[in-house]
Amino acid sequence: GVRSGVMQMGGLVEQQLQNGVKALALGDSRLGEEVARLDYKVNAMEVSIDDDCSRILATRGPTASDLRLIVAVIKTITDLERIGDETEKLGHIAARLASIDRPADQYREIKHIGELVTEMVHGALDAFARLDTEAAIKVARRDRIVDEEYEALQRQCITFMMEDPRTIRRALDVLWVARALERIGDPAGHGNAVDHHQGLGFAHAAAAAADQHGPKDERAIWPGGTHVRPRRRSWPQRHGFRRGERRRRRGRRGTGRQR
């Protein structure tokens, strides 16, 4: 089904991300070029799964938990495709950096950020597979660590460029790699990934789809999964009328006017 297709697509994206970081760390230009070249597979899988979801919506008319799952799948494949675009960029830069002198630290900070982001992607996919709300929220909260590491690396690169202008080109490439990794790990405003360029919004999509039995306590789960809002009541409910009471009151007023 579509869920198995999402997991296959997620596994490919996760492998591409690992290979991209590995190509940069080892200075392997061939591996970096392969990562960039295989992005077309991710795009093809995204189109195929999207067609399957559109066909299900058109022919079966899913409702309730089934509909939430389809929406979560569509959101997930969109985010995975964007992650694939970022890994393609990572592969191109890794291939270019392999041809110049490597720093003494062997891009230690980049490897660290890459490991953090890879763990987040794996955790988000696992949460989606198990429809685990708590696991999805934990993944999203780890973004703060990635942001702190990115900001520290950004300050370090700026310092290097100020001290030695000859490192500007390499430092800028490292910043582009770090930015790509930060965009992958960004949970996109806690469930609003559609309005952002990139993010692990599918972790929140998993949280939304996890409620298989409908909203509880008359609270409707937002598409992001972590934000909730009371269901909107009708006008009579907001003004204290019970079912049919407003109609009966109108009837009594009408009867009085006729008298």
Side-chain angles (χ1 to χ4, degrees), residues 13-37 39 42 79-124 138-204:
V13 168
E14 185 179 356
Q15 184 63 42
Q16 289 288 88
L17 177 58
Q18 292 175 350
N19 288 339
V21 176
K22 182 179 178 180
L24 179 65
L26 300 179
D28 191 339
S29 61
R30 182 174 300 179
L31 181 59
E33 292 172 356
E34 182 181 359
V35 169
R37 180 175 55 84
D39 179 62
V42 177
D79 290 326
L80 288 175
E81 191 274 333
R82 291 172 177 171
I83 293 176
D85 291 341
E86 296 298 331
T87 57
E88 179 186 14
K89 183 190 303 180
L90 177 59
H92 284 304
I93 298 177
R96 185 166 64 245
L97 288 175
S99 61
I100 62 177
D101 294 336
R102 299 169 56 74
D105 61 0
Q106 303 293 313
Y107 302 113
R108 183 178 60 252
E109 291 83 1
I110 288 292
K111 287 190 290 185
H112 180 57
I113 297 177
E115 291 172 356
L116 292 174
V117 172
T118 303
E119 291 174 0
M120 289 183 67
V121 172
H122 180 79
K138 288 180 181 179
V139 170
R141 288 174 178 170
R142 295 173 62 185
D143 174 65
R144 180 178 56 83
I145 301 176
V146 177
D147 289 342
E148 292 175 355
E149 294 291 338
Y150 169 68
E151 292 174 359
L153 180 59
Q154 190 178 39
R155 291 192 296 269
Q156 183 180 8
C157 288
I158 292 175
T159 303
F160 286 159
M161 289 188 289
M162 293 175 62
E163 293 178 351
D164 187 359
R166 292 174 298 178
T167 64
I168 290 179
R169 176 62 184 275
R170 184 175 63 192
L172 288 177
D173 284 336
V174 170
L175 282 176
W176 278 112
V177 170
R179 178 56 176 163
L181 293 173
E182 192 272 338
R183 284 162 66 94
I184 292 173
D186 189 358
H190 299 283
N192 198 21
V194 174
D195 296 332
H196 290 70
H197 297 291
Q198 181 57 57
L200 289 173
F202 57 90
H204 298 284

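Just so you know, residue 1 is the first one in the sequence shown, and it goes up from there.
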I need the [X] [atom1] to [Y] [atom2] distance, nearest 0.5 Å.
| X | Y | atom1 | atom2 | result |
| --- | --- | --- | --- | --- |
| Tyr150 | Asp143 | OH | CG | 12.5 Å |
| Met162 | Ile168 | CE | CD1 | 10.5 Å |
| Leu97 | Leu90 | CG | CG | 9.5 Å |
| His112 | Ile145 | NE2 | CD1 | 8.0 Å |
| Glu33 | Asp28 | CD | CG | 9.0 Å |
| Asp85 | Ile184 | CG | CD1 | 10.0 Å |

Could you tell me which non-hydrogen atom of [X] sits nearest to which non-hydrogen atom of [Y], and how far apart they are?
| X | Y | result |
| --- | --- | --- |
| Thr167 | Asp164 | OG1-O, 2.7 Å |
| Leu175 | Gln154 | CD2-CA, 3.6 Å |
| Val42 | Leu80 | CG1-O, 4.1 Å |
| Gly84 | Val13 | N-CG1, 4.4 Å |

Given the rule in the side-chain contact (heavy atoms from CB on, under 4.5 Å) test, do Ile158 and Arg155 qualify, once you have shown the distances and angles that lead to the verdict? CA-CA 5 Å; Ile158 292 175; Arg155 291 192 296 269; 5.8 Å; no
If you count every heavy atom of other residues, nucleotides or ligands that lies below 6.0 Å from His122 atom NE2, does the total exceed 12? no
Flag if over 12 foreign heavy atoms under 6.0 Å of CZ, Arg37: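 Yes.
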Please report, to 0.1 Å, the donor-acceptor pairs under 3.5 Å made by any side chain of residues 15-25, with sequence neighbours excluded.
residue	atom	partner	partner atom	Å
Gln15	NE2	Asn19	OD1	3.2
Gln16	NE2	Val35	O	2.8
Asn19	ND2	Gln15	O	3.4

Side chains of [X] and [Y]: closer than 4.5 Å at any heavy-atom pair?
| X | Y | result |
| --- | --- | --- |
| Tyr107 | Arg170 | yes |
| Glu182 | Ile113 | no |
| Leu181 | Val146 | no |

Qualifying residues under side-chain contact (heavy atoms from CB on, under 4.5 Å), relative to Ser29, sequence neighbours excluded: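 Here the qualifying residues are Ala95, Ala98.
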I would like to know whether Glu109 and Val174 meet side-chain contact (heavy atoms from CB on, under 4.5 Å); could you show each step before the answer? CA-CA 10 Å; Glu109 291 83 1; Val174 170; over 6 Å; no
Check against salt bridge (charged side-chain N to carboxylate O under 4.0 Å, His left out), Glu148 and Arg144: CA-CA 6 Å; Glu148 292 175 355; Arg144 180 178 56 83; 3.1 Å; yes
Going by the salt bridge (Lys or Arg N to Asp or Glu O under 4.0 Å) test, which pairs reach into residues 87-100, not counting sequence neighbours? Glu86-Lys89, Arg96-Asp173
